[in-house]
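Data block below; observations after.
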Amino acid sequence: MMAASGKLASFRLPPLPTVGELIKLYNLRAEKQLSQNFLLDLRLTDKIVRQAGGLRDAHVCEVGPGPGGLTRSILNSGVSDVLVVEKDTRFIPGLKLLSEAAPGRLRIVHGDILTYRMDRGFPENVSKPWEEDPPNLHVIGNLPFSVATALIIKWLENVADRTGPFAYGRTRLTLTFQKEVAERLTASTGSKQRSRLSIMAQYLCTVRNCFTIPGRAFVPKPEVDVGVVHFTPLVQPQIQQPFKLVEKVVRNVFQFRRKHCHKGVEKLFPEARRAELTQEVMRKADVDPILRPTELTIPQFGALADAYAHLCAHEPSLLSYEFREELRVKNLARKIKKITDTSTDEPPPPASCNNPAK
């Protein structure tokens, strides 16, 4: 077994067309509407892979491999097995070429990562109990900007529920985002970048902003730089409430990011009882109502979520209340009233003259 591992660690792909040559060979253009950007510099793809930690004998799921630049670096790092999930048909022939060069080590799934069941992608013996060290399973990806935020929110919910990639334990993620999103994910209390994403990521994971890749390193060059972010799920989340409830509290608080935090908390409640219930939540949570959302710590968000959950346990209808829905119904009622008022204000039509001319 040791000899096999040593052999695997020293594996290098045989000579293959470069990623640039593959792009020309298969006429692969990055689609702007899919926000695709290729990373062709193998020194940079190697650097991304190093951020994942030691990948010797690891199982890896790569998201959106495209022309396979990052895939090559992953294969060269001594992994046991790589599963790539690619939605775009144009990239499949190039990936098959890589698969032939690394027999039995690269599996290709032609599908959408947003719907792919990753909990079925790897053998059960990869799993580790949640309380133990993370499993030797990693998710790595140079994500298209258009799906990156939706995908990380989905995966954070999976962390909370221990589903998807986290059915195997505390699976680690190494992913690329627009620099601004990377900064939000890792922003500390009080910083300008502190946002809903900061809280949602950090209450569930240790999040590290690894390094920034200049936009010019990509083809085509995006208008922004790109940040590489590493996530390790925490054994115990910092907030002990269901994901959707936490997300609702955090989203409401941050919708008025420049105002005092009680303004956002107010919007958790129907107008008729807004003042009374907001006061109760702020008092129960022992949070200063005039702090700005960016100044709140994760334990303070936890206290607000606990206080809100306590109220919802006594009045379950509060949980389904949505401020924007109430606003939409109000606006609709206003429009209908306006139309009705306008039609009743119109003068009656002139009476028709039925008298025949004399």
Side-chain angles (χ1 to χ4, degrees), residues 16 19 22-23 25-39 45 48-49 52 55 58-75 77 79-127 135-169 171-177 181 218 226 229 231 233:
L16 281 164
V19 181
L22 269 183
I23 288 170
L25 180 64
Y26 293 111
N27 193 25
L28 303 173
R29 276 194 302 276
E31 296 286 352
K32 196 164 185 182
Q33 67 268 34
L34 300 177
S35 64
Q36 290 173 332
N37 301 95
F38 303 149
L39 193 52
T45 54
I48 292 173
V49 168
L55 292 187
H59 297 268
V60 173
C61 177
E62 187 193 352
V63 184
L70 192 53
T71 318
R72 292 174 186 226
S73 291
I74 294 168
L75 284 167
S77 67
V79 294
S80 167
D81 164 54
V82 185
L83 169 73
V84 295
V85 183
E86 179 52 68
K87 188 179 179 181
D88 194 329
T89 314
R90 298 171 307 145
F91 299 122
I92 303 298
L95 292 169
K96 282 186 173 159
L97 202 65
L98 266 184
S99 180
E100 286 157 19
R105 296 181 56 224
L106 178 60
R107 292 178 289 141
I108 302 164
V109 170
H110 183 200
D112 187 344
I113 194 63
L114 284 166
T115 53
Y116 176 65
R117 290 287 305 270
M118 208 188 292
D119 55 345
R120 295 176 181 171
F122 296 93
E124 272 185 35
N125 63 6
V126 171
S127 299
N136 202 6
L137 170 62
H138 299 258
V139 177
I140 300 176
N142 173 28
L143 304 177
F145 296 156
S146 57
V147 299
T149 304
L151 198 49
I152 196 58
I153 287 291
K154 172 185 154 72
W155 278 338
L156 289 170
E157 186 164 7
N158 288 157
V159 171
D161 300 340
R162 303 184 187 183
T163 54
F166 311 98
Y168 302 97
T171 300
R172 287 160 288 185
L173 312 171
T174 308
L175 306 167
T176 62
F177 298 90
V181 176
F218 292 84
V226 171
V229 183
F231 303 79

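We use all heavy atoms of the structure for the numbers below, so side chains are in, but hydrogens, waters and symmetry mates are not. No experiment lies behind these values; they were computed from the predicted model shown.
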Hey, what do you get for [atom1] ([X]) to [atom2] ([Y]), rounding to the nearest 0.5 Å?
| X | Y | atom1 | atom2 | value |
| --- | --- | --- | --- | --- |
| Leu97 | Ile92 | CG | CD1 | 13.0 Å |
| Phe166 | Asp161 | CZ | CG | 11.0 Å |
| Phe91 | Ile108 | CZ | CD1 | 13.0 Å |

Taking side-chain contact (heavy atoms from CB on, under 4.5 Å) as the definition, give me every residue that meets it alongside [X], ordered by chain and number, with sequence neighbours left out.
| X | answer |
| --- | --- |
| Thr45 | Leu39, Leu42, Leu70, Ser73 |
| Ala167 | Asp119 |
| Ser127 | Tyr168 |

Do you know the tightest heavy-atom contact between [X] and [Y]?
| X | Y | result |
| --- | --- | --- |
| His59 | Ser80 | CE1-OG, 4.1 Å |
| Asp112 | Leu114 | OD1-N, 2.9 Å |
| Gly68 | Leu95 | CA-CD2, 4.2 Å |

Subject >> The single option from Leu83, Val79, Leu98 passing side chain to side chain contact (heavy atoms under 4.5 Å, CB included) against Leu106 >> reply: Leu98

State which residues pass side-chain hydrogen bond (donor to acceptor under 3.5 Å, both in side chains) with [X]; sequence neighbours excluded, sorted by chain then number.
| X | value |
| --- | --- |
| Arg107 | Asp81 |
| Thr89 | His110 |
| Thr163 | Asn158 |

